[in-house]
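So the structure is just underneath, and the comments pick up after that.
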Amino acid sequence: MNEEIKKMKIDGKGRITVPKNSIIGKSEKVLIEKEDDLTFSLYDLFIFNGYIEKLKRKREKAFDSGDMRLFEYLNNKINLLMISKFGVSDTDGNNRILLPSMIREMYDLKNEILLFSGEDHLKAFNDMKNYQEYEKRLINNMRL
């Protein structure tokens with residue numbers, strides 16, 4: 001198994017322990033974001049908000065320079081990021097976050113979850129099959 005993938009147990013209350021050495025391991029608030037039917041992402045809320053602000057500044061510069069294509073691209077990206085949020089979960093004293101029942105049902109999460117370390121977030125999958133399908137989609141999209 002890839003070293004960047006961790007299999008985590010989901011406890012009876014629907015919580016997972018966030019690995020302390022992960023990108024969100026020291027986060028107090030974790031943003032849960034929908035990506036597609038195979039995966040959702042976990043972000044440190046503070047870092048995510050900083051990313052949105054950075055995109056907004058780039059969008060303003062694009063507008064000021066008259067680059068409407070870049071402006072529209074950044075505007076669409078910001079809008080997509082803002083509407084794809086499921087919510088925010090607080091970490092507890094044991095570094096656990098609650099995965100709301102809606103998310104557990106939507107992604108058919110039972111007793112465990114796979115967490116893949118991204119550059120600034122964790123991607124969550126219900127099993128290795130979904131992770132492999134996600135990788136295939138990425139490869140196919142890069143060929144286009």
Side-chain angles (χ1 to χ4, degrees), residues 1-63 67 69-144:
M1 183 180 283
N2 187 323
E3 289 180 337
E4 295 182 4
I5 298 177
K6 295 202 182 309
K7 189 181 287 190
M8 306 302 294
K9 295 284 184 200
I10 300 173
D11 71 14
K13 295 181 180 179
R15 300 173 299 190
I16 61 168
T17 300
V18 177
K20 289 195 183 230
N21 63 346
S22 74
I23 190 73
I24 64 167
K26 294 178 177 67
S27 304
E28 292 180 17
K29 294 190 177 288
V30 175
L31 174 77
I32 304 171
E33 179 190 47
K34 179 180 182 184
E35 185 165 332
D36 59 23
D37 60 323
L38 298 174
T39 184
F40 61 94
S41 298
L42 304 172
Y43 287 86
D44 177 297
L45 181 61
F46 180 76
I47 293 171
F48 182 85
N49 285 338
Y51 178 63
I52 294 293
E53 290 306 312
K54 184 178 174 182
L55 288 174
K56 287 179 179 179
R57 288 190 297 275
K58 285 183 178 182
R59 179 183 65 181
E60 287 174 22
K61 287 181 182 179
F63 183 79
D67 188 345
R69 284 181 49 177
L70 180 58
F71 173 82
E72 288 182 21
Y73 169 79
L74 292 169
N75 197 53
N76 289 340
K77 186 169 181 86
I78 291 167
N79 289 337
L80 181 62
L81 288 170
M82 297 305 291
I83 63 169
S84 63
K85 292 187 226 178
F86 281 129
V88 175
S89 184
D90 295 330
T91 55
D92 67 11
N94 294 319
N95 221 43
R96 295 177 299 200
I97 63 166
L98 175 66
L99 297 175
S101 59
M102 174 189 71
I103 293 170
R104 294 192 312 267
E105 290 171 17
M106 183 180 290
Y107 290 96
D108 196 29
L109 301 174
K110 302 293 184 214
N111 299 319
E112 47 188 39
I113 188 171
L114 297 177
L115 295 178
F116 176 79
S117 296
E119 183 178 322
D120 59 357
H121 63 285
L122 296 176
K123 285 203 179 304
F125 299 89
N126 73 342
D127 59 22
M128 190 55 80
K129 179 181 171 190
N130 279 4
Y131 172 73
Q132 291 167 339
E133 176 62 27
Y134 179 80
E135 280 189 323
K136 282 183 200 174
R137 286 183 188 177
L138 286 178
I139 291 168
N140 288 335
N141 285 339
M142 289 196 299
R143 290 182 182 154
L144 298 178

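The first residue in the sequence is number 1, and the count goes up from there. This one's a predicted model, so the numbers in the text were calculated from it and none came from an experiment.
A distance of 12.0 Å separates CZ in R15 from OG1 in T91, rounded to the nearest 0.5 Å. In this structure, N79 CG and L81 CG are separated by 9.0 Å, a value rounded to the nearest 0.5 Å. Atoms CG and NZ, from L70 and K61 in turn, are 11.5 Å apart once rounded to the nearest 0.5 Å. Atom-to-atom distance recorded for L122:CG and L114:CG is 12.0 Å, nearest 0.5 angstrom.
Taking the six-membered ring where tryptophan is involved, the planes of F40 and F86 are perpendicular, since the angle between them exceeds 60° and thus also 30°.
The aromatic ring centres of F125 and F116 sit 6.0 Å or more apart.
I113 has its side chain within reach of L99: a pair of non-hydrogen atoms, C-beta onward, lies under 4.5 Å apart. At a threshold of 4.5 Å between non-hydrogen side-chain atoms, the residues V30 and V88 do not count as touching. Q132 is not listed as a side-chain neighbour of L38, based on a closest heavy-atom distance of 4.5 Å or more. Using a 4.5 Å cut-off on side-chain heavy atoms (C-beta onward), D36 and K34 make no contact.
Under the side chain to side chain contact (heavy atoms under 4.5 Å, CB included) test applied with L115, the options V18, L42, I24 reduce to a single match, L42. Y131 pairs with exactly one of E133, K129, M128 by the side chain to side chain contact (heavy atoms under 4.5 Å, CB included) rule, that one being M128.
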E33 and S84: CA distance, side-chain angles, deciding distance, side-chain hydrogen bond (donor to acceptor under 3.5 Å, both in side chains) verdict
CA-CA 6 Å; E33 179 190 47; S84 63; 3.1 Å; yes
Any chance you could lay out the side chain to side chain contact (heavy atoms under 4.5 Å, CB included) test for D120 and F48, step after step, and finish with the verdict?
CA-CA 8 Å; D120 59 357; F48 182 85; over 6 Å; no
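Within the structure, salt bridge (charged side-chain N to carboxylate O under 4.0 Å, His left out) contacts touching residues 81-91 (residues at least two apart or in different chains) are K29-D90.
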Report all side-chain donor-acceptor pairs from residues 50-58 shorter than 3.5 Å, counting only partners two or more places apart or in another chain.
none

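Open room surrounds CZ on F63; 12 or fewer heavy atoms of other groups in view lie less than 6.0 Å from it.
The shortest heavy-atom contact between Y134 and K123 is OH-CE, 2.9 Å.
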